[in-house]
Number of protein chains: 2
Amino acid sequence: MTAKQQERIEQMLRLNKLSVTETRTKMLEMFLQSKSALEHASFEKLNGKAFDRVTIYRTLQTFLDKGIVHKIPTTDTSVRYALCKSDCKEHEHHDHHIHFQCDNCGSTTCLDGTDVPPIQLPNGFAAKNVEVVVSGVCKECK
Amino acid sequence: MTAKQQERIEQMLRLNKLSVTETRTKMLEMFLQSKSALEHASFEKLNGKAFDRVTIYRTLQTFLDKGIVHKIPTTDTSVRYALCKSDCKEHEHHDHHIHFQCDNCGSTTCLDGTDVPPIQLPNGFAAKNVEVVVSGVCKECK
DNA sequence: GTAACTGCAAAATATTTGCATCCTT
DNA sequence: AAGGATGCAAATATTTTGCAGTTAC
């Protein structure tokens, strides 16, 4: 990890009033380095020293609470997480981007440059958040 | 259950080469009567005789395999199911409608009349299916 | 030093599998 | 009668909780 990245991670944690620990730093490092969304299992099967199962659950929950990561909806039971953009605040997410799930390699990617089109809802429904999950074949697998 | 509904359910099952059993009939009846999507737990907490846990798992999987129901993506771990339109075939779903998840009552609804807008993907990605999940406050809770 | 974080053990939940029995065709 | 469907028991897998020891500030 570069000094710059280390700095960035520490800042993310401090901004959210979280102490800088080894587990949190390494998990955030994984998020920053990964092109696709991560799931609980991603953190368990590390080469070398793995994280404790329980700590992973708790750390992911903390990151969610603070708005550092967001969950990505899936049709399988797996829950996937990805880093939020910098303008997400606690309990106030602004992730208006599209998620892409590859049927071939199973990876989930946030397509940051792609906007979610406006959705027309029936009368009586008030939209607060829109999630778009496109599935198909990703760039790498094509 | 009306005779007409009974007839409809039997037809759904026969069309998919499934034998008409009490569990399947009652579960389909629940799907037909429910305005919102159902989850595993919905079938467990029935007044009166409940279904066996394992049978529910197996029946939902069978319905999925045959294209009778589809899964709805969620950000919590819960998996929800809703009836497919009649033109869904085995392993070939055509559910291009929007799902609405209420933050207040937790219900998930299929908005059948609402179309999914075309999504522009980055180069290299090939879309096969698009899922849109809007969350907010539903008609009933407003 | 204190509060927050982690790791182990164990409890609570959720899901899957095997097999004997029962029901639909 | 035969194959499929169900229900029970038990094996797995997943998630949560409690608590004692450790680390960050």
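Note on naming: letters A, B, ... go to the chains in the order of the sequence lines (proteins, then strands), and numbering restarts at 1 for each one.
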Full working for side chain to side chain contact (heavy atoms under 4.5 Å, CB included) between A:Y81 and A:L38: CA-CA 5 Å; A:Y81 304 83; A:L38 299 175; 5.6 Å; no
Where the side chain of A:S42 meets the backbone of A:E39, is there a donor-acceptor pair that is under 3.5 Å apart? yes
What is the distance, to the nearest angstrom, from the [atom1] atom on [X] to the [atom2] atom on [N]?
| X | N | atom1 | atom2 | answer |
| --- | --- | --- | --- | --- |
| B:I56 | C:dT13 | CD1 | C1' | 15 Å |
| A:R24 | D:dT23 | CZ | P | 15 Å |
| A:F51 | C:dC5 | CZ | C1' | 14 Å |
| B:L13 | D:dG4 | CG | P | 16 Å |
| A:E22 | D:dA24 | CD | P | 8 Å |
| A:E39 | D:dT14 | CD | P | 10 Å |
| B:R53 | D:dT12 | CZ | C1' | 15 Å |
| B:K26 | D:dG7 | NZ | P | 11 Å |

Can you check whether [X] has a side-chain N or O nearer than 4.0 Å to OP1 or OP2 of [N]?
| X | N | answer |
| --- | --- | --- |
| A:T21 | C:dT6 | yes |
| A:S19 | C:dA4 | no |
| A:R14 | D:dC25 | yes |
| B:Y57 | C:dT16 | no |

Toward the 5' end of DNA chain C, which comes first, B:H40 or B:L18, by nearest nucleotide? B:H40
Describe the nucleic acid contact of B:T23 in one word from base, sugar-phosphate, nothing, applying a heavy-atom distance below 4.0 Å. sugar-phosphate
Touch class at under 4.0 angstrom, heavy-atom based, for A:R58 against every strand present: base
Considering only heavy atoms from C-beta outward, does the side chain of B:L13 approach that of B:S19 to under 4.5 Å? no
Is there a side-chain contact between B:T25 and B:T23, using heavy atoms and a 4.5 Å cut-off? no
Quiz question: by atom type and distance under 3.5 Å, do the side chains of B:E10 and B:Q6 form a donor-acceptor pair? yes
5'-most contact on DNA chain D: A:V20 or A:Q61, nearest heavy atom basis? A:Q61
